[in-house]
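In this chain, residues are counted from 1 in sequence order.
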Amino acid sequence: MLRLFLKSFHHAFSGLQYAYRHERNFRIECFFALVVIIALFSFPMDVWKQVILIIMIGWVLSAELANTIVERIVDMVKPKLHPYVRVIKDLMAATVLLSSVFALIVGILIILPYIIP
């Protein structure tokens, strides 16, 4: 039982490693996630603010992983054969963009008062 559990973690970390190595945007988002995590420890924030920022990090990184998954599947199934291939990829990119923009707004609203009192 424990072996299967650890094996599933291994597969998950392999997926994260793949995304980090092969997806430039995922690396950029990880960098900003690290900046936000440093801010969590640098400023005396309420726990609920820290939780919201952590949720936003997870939301953006998960959206980027979902985007990568959909791109790979679409490329594999219908590489440049159907006009919806571009639409699907654009919609997933828009999902990541909206996630990132809203996370940025939330981050600014929470962290900015600590930087500029």
Side-chain angles (χ1 to χ4, degrees):
M1 181 82 151
L2 180 60
R3 181 184 292 179
L4 292 174
F5 183 70
L6 293 175
K7 190 174 182 178
S8 66
F9 268 103
H10 173 73
H11 290 302
F13 285 118
S14 292
L16 288 172
Q17 189 177 46
Y18 175 89
Y20 192 82
R21 284 184 179 164
H22 299 283
E23 296 297 319
R24 180 180 52 90
N25 288 343
F26 189 76
R27 288 192 301 274
I28 292 167
E29 290 155 356
C30 284
F31 170 77
F32 284 108
L34 182 62
V35 170
V36 171
I37 290 169
I38 290 168
L40 292 176
F41 291 106
S42 300
F43 302 116
M45 290 182 205
D46 295 329
V47 173
W48 68 269
K49 291 178 182 178
Q50 293 174 335
V51 169
I52 289 174
L53 291 172
I54 291 168
I55 289 170
M56 299 308 290
I57 290 169
W59 181 24
V60 171
L61 293 178
S62 296
E64 186 62 51
L65 289 174
N67 180 42
T68 300
I69 292 165
V70 170
E71 282 187 354
R72 295 301 179 276
I73 291 170
V74 168
D75 286 345
M76 188 174 59
V77 175
K78 291 245 185 207
K80 300 177 183 144
L81 295 178
H82 197 282
Y84 278 158
V85 168
R86 175 58 37 211
V87 172
I88 291 168
K89 287 183 171 188
D90 289 349
L91 288 169
M92 283 308 300
T95 301
V96 176
L97 176 65
L98 283 177
S99 297
S100 299
V101 167
F102 282 104
L104 177 65
I105 292 168
V106 169
I108 288 170
L109 290 173
I110 291 176
I111 295 174
L112 195 62
Y114 294 99
I115 297 171
I116 302 173

task: Look up atom CZ in Arg3 and atom OG in Ser8, then write down how far apart they are to the nearest 0.5 Å.
output: 13.5 Å
query: Between Ser99 and Trp59, which heavy-atom pair has the shortest distance, and what is it?
result: OG-NE1, 3.5 Å
- prompt: Hey, any chance Ile37 and Ile52 share a hydrophobic cluster, counting ILVMFWY side chains that come within less than 4.5 Å of each other, even indirectly?
  reply: yes
Shared hydrophobic cluster, Trp48 / Leu112 (ILVMFWY, side-chain heavy atoms < 4.5 Å): yes
query: Is the Phe9 ring parallel, tilted or perpendicular to the Phe5 ring (thresholds 30°, 60°)?
result: perpendicular
query: How about Asn67 and Thr95: do any of their side-chain heavy atoms sit closer than 4.5 Å?
result: no
field: ILVMFWY network linking Phe102 to Ile54, side-chain heavy atoms under 4.5 angstrom
entry: yes
query: Taking the side chain as C-beta and beyond, is there a heavy-atom pair between Leu6 and His10 under 4.5 Å?
result: no
task: Please tell me if the side chains of Leu53 and Ile111 come closer than 4.5 Å, counting only heavy atoms from C-beta onward.
output: yes
message: Can you list everything that forms a side-chain hydrogen bond (donor to acceptor under 3.5 Å, both in side chains) with Glu23? Sequence neighbours excluded, please.
response: Arg72
message: Do Leu16 and Leu65 make a side-chain contact, defined as non-hydrogen atoms from C-beta onward lying under 4.5 Å apart?
response: yes
message: Taking the side chain as everything from C-beta on, heavy atoms only, tell me whether Val96 gets closer than 4.5 Å to Asn25.
response: no
query: Mind checking whether Phe43 and Tyr114 have parallel, tilted or perpendicular rings, split at 30° and 60°?
result: parallel
field: ILVMFWY clustering at 4.5 Å (side-chain atoms), partners of Val35
entry: Ile28, Phe31, Phe32
query: Taking a hydrophobic cluster as the set of Ile, Leu, Val, Met, Phe, Trp and Tyr residues connected by side-chain heavy atoms closer than 4.5 Å, whether directly or through intermediates, do Ile57 and Leu104 fall within one such cluster?
result: yes
field: CG on Leu61 to OG on Ser100, rounded to 0.5 Å
entry: 9.0 Å
task: Enter the distance from Ile110:CD1 to Ile105:CD1 here, rounded to the nearest 0.5 Å.
output: 12.0 Å
query: Quick one: does Asp75's side chain get under 4.5 Å of Lys89's, heavy atoms only?
result: yes
message: Please tell me whether Met56 and Leu34 are part of a single hydrophobic cluster in this structure, the criterion being side-chain heavy atoms less than 4.5 Å apart.
response: no
- prompt: Rounded to the nearest 0.5 Å, how far does CE of Met92 lie from CD of Glu64?
  reply: 8.5 Å
